[in-house]
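In what follows, a single structure is set out as structure tokens and then discussed.
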Amino acid sequence: MYNDQHIDDNLLIDTPENLVLEAEVAGYGSRFLAAFIDYAIIIIVLSVLALLFFRGYFNQPTGNQDTWAIAAFGFIVFLIIMFYHLFFEFFWNGQTPGKRRVGLRVVMNNGMPVTTSAALTRNLVRLFDFLPVFYGAGLLSMFVSKYVQRLGDIAGGTIVVKERAGLSLQSLRDDVNVDYMHLSRMSALDERIQIDRLEPADRRVLIGYLQRRENMPDEQRNRLSIGMARKLAFRMGLADDPHATVEMFPGLRSAETFLEQVARTFEVTERADAQRRSRAQGTSAY
């Protein structure tokens with residue numbers, strides 16, 4: 001992997017569970033190398049297409065050399081140049097062949113995977129990055145911005161980061177994901193649940209249980225779920241004392257449903273906070 005000169009302003013991403021993720025922002029060298037690979041691929045593809053087109057074009061009788069064929073070829077060239085990066089960043093989750101080879105990825109400035117609208121914006125603004133000459137505006141923007149962002153990155157609210165081998169921002173976030181057995185991801189939140197009264201350690205224990213419960217013996221699963229539900233309910237003020245929670249969770253299903261509601265509240269709150277940070281950072285970038 002290409003080694004950049006040290007960039008002090010790495011991207012720090014804080015989550016509600018007090019987990020701070022540090023992403024190394026891609027520097028000028030690695031981004032140039034990735035761009036070089038991508039544009040080399042584009043040039044090779046266009047050269048092959050041009051060779052095939054003109055060989056077939058000039059082998060046709062003179063009367064069949066219609067201008068529409070040239071227009072169609074020009075349109076195909078335009079599509080490849082305009083949508084090469086967008087296509088790969090959409091289907092490869094923020095990576096092009098060049099970025100994948102160098103170990104870079106486009107993410108939102110809150111560390112979340114790049115969205116379709118952001119990918120579209122950053123690639124449409126690429127046209128302005130080329131002004132007044134080859135990548136003039138884009139290079140200037142990268143030199144003066146804190147996170148080495150070209151105009152397209154600023155407009156789309158995106159940042160290009162380096163990926164550590166075997167570890168990505170999304171994989172870290174996946175550690176707090178659970179499969180809901182009693183709820184739907186479309187279920188409304190329980191307004192009684194106040195997660196601000198809980199500690200980050202409470203969430204880690206809760207997620208750990210929900211991720212492993214199916215592999216537990218029935219007796220252990222029943223005991224842990226009910227005990228944890230009663231403890232969290234008391235911590236959130238849903239009962240005056242721990243003994244008052246006994247009737248709230250008479251069995252496994254009621255206890256796990258409550259625990260899933262707590263986990264879902266954490267999840268929805270984290271997503272809302274990430275969106276607010278994204279909008280705030282996008283506004284400050286201008």
Side-chain angles (χ1 to χ4, degrees), residues 11-23 93 107-115 164 166-281:
L11 179 64
L12 297 179
I13 306 159
D14 60 324
T15 64
E17 64 269 27
N18 281 5
L19 175 64
V20 178
L21 309 180
E22 181 177 0
N93 192 23
V107 299
M108 301 303 296
N109 54 20
N110 59 13
M112 297 296 288
V114 64
T115 63
R164 300 174 185 173
L167 181 65
S168 67
L169 298 175
Q170 189 59 37
S171 68
L172 289 173
R173 291 181 180 276
D174 286 343
D175 287 342
V176 298
N177 288 342
V178 298
D179 293 326
Y180 296 106
M181 300 176 61
H182 308 292
L183 297 179
S184 163
R185 291 190 180 276
M186 301 301 294
S187 301
L189 299 181
D190 189 334
E191 296 181 354
R192 300 175 304 163
I193 295 176
Q194 303 294 327
I195 58 173
D196 57 329
R197 299 189 178 188
L198 303 180
E199 300 293 334
D202 293 322
R203 186 185 186 187
R204 289 193 289 269
V205 173
L206 168 64
I207 297 301
Y209 167 75
L210 293 177
Q211 290 177 335
R212 297 171 177 81
R213 54 183 163 171
E214 292 186 272
N215 298 322
M216 294 181 180
D218 292 342
E219 181 179 353
Q220 180 186 25
R221 179 175 175 179
N222 188 73
R223 174 172 52 82
L224 288 177
S225 64
I226 294 176
M228 190 180 305
R230 291 175 178 175
K231 175 184 176 182
L232 295 181
F234 174 67
R235 292 278 302 276
M236 287 186 287
L238 300 184
D240 296 333
D241 60 77
H243 299 289
T245 61
V246 174
E247 296 183 357
M248 296 176 60
F249 311 109
L252 176 66
R253 182 177 181 83
S254 60
E256 285 196 347
T257 300
F258 175 76
L259 294 177
E260 288 185 4
Q261 288 171 335
V262 176
R264 171 134 176 82
T265 301
F266 271 114
E267 179 183 317
V268 173
T269 301
E270 180 180 35
R271 186 182 305 119
D273 288 343
Q275 291 174 349
R276 282 193 295 269
R277 289 195 296 269
S278 178
R279 287 193 295 267
Q281 291 183 19

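Just so you know, these numbers use all the heavy atoms, side chains as well, and skip hydrogens, waters and symmetry mates.
Atoms CZ and CZ, from Arg192 and Phe258 in turn, are 7.0 Å apart once rounded to the nearest 0.5 Å. We find the CG-CG distance between Leu238 and Leu232 to be 9.5 Å, quoted to the nearest 0.5 Å. For the atom pair CD of Glu191 and OG1 of Thr265, the computed distance is 10.5 Å after rounding to the nearest 0.5 Å. Here the CD-CZ distance, from Glu199 to Arg204, works out to 9.5 Å after rounding to the nearest 0.5 Å. The CZ atom of Arg203 sits 7.5 Å away from atom CD of Glu267, with the distance rounded to the nearest 0.5 Å. His182 contributes atom NE2, which lies 15.5 Å from atom CZ of Arg264 (distance to the nearest 0.5 angstrom).
Taking each heavy atom of Gly251 and Ser254 in turn, the nearest pair found is O-OG, 3.0 Å. Between Ile195 and Met236 the shortest heavy-atom distance is N-SD, 4.5 Å. The two residues Ala233 and Met248 make their nearest non-hydrogen contact at CB-CE, 4.2 Å.
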Exercise for the section: Could you please spell out the steps behind the side-chain contact (heavy atoms from CB on, under 4.5 Å) verdict for Leu210 and Tyr180? Expected result: CA-CA 8 Å; Leu210 293 177; Tyr180 296 106; 5.6 Å; no
Practice task
Could you please spell out the steps behind the side-chain contact (heavy atoms from CB on, under 4.5 Å) verdict for Arg221 and Arg213?
Solution key: CA-CA 6 Å; Arg221 179 175 175 179; Arg213 54 183 163 171; 4.0 Å; yes
Handout entry: Intermediate values then yes/no, side-chain contact (heavy atoms from CB on, under 4.5 Å), Leu206 and Leu259
Key = CA-CA 7 Å; Leu206 168 64; Leu259 294 177; 3.7 Å; yes
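A distance-only check finds no donor-acceptor pair linking the side chain of Gln261 to the backbone of Asp190 [under 3.5 Å].
In the displayed structure, Asp196 atom CG is contacted under 6.0 Å by more than 12 heavy atoms of other residues, nucleotides or ligands. The neighbour count for Glu214 CD, taken as heavy atoms of other residues, nucleotides or ligands under 6.0 Å away, does not exceed 12.
Between Ile226 and Leu252 the shortest side-chain heavy-atom distance does not fall below 4.5 Å. With a 4.5 Å cut-off on side-chain heavy atoms, Lys231 and Arg235 count as touching. Side-chain contact between Glu256 and Tyr209 is present, with at least one heavy-atom pair separated by less than 4.5 Å. Taking the side chain as every heavy atom from C-beta outward, Phe266 and Leu198 approach each other to under 4.5 Å.
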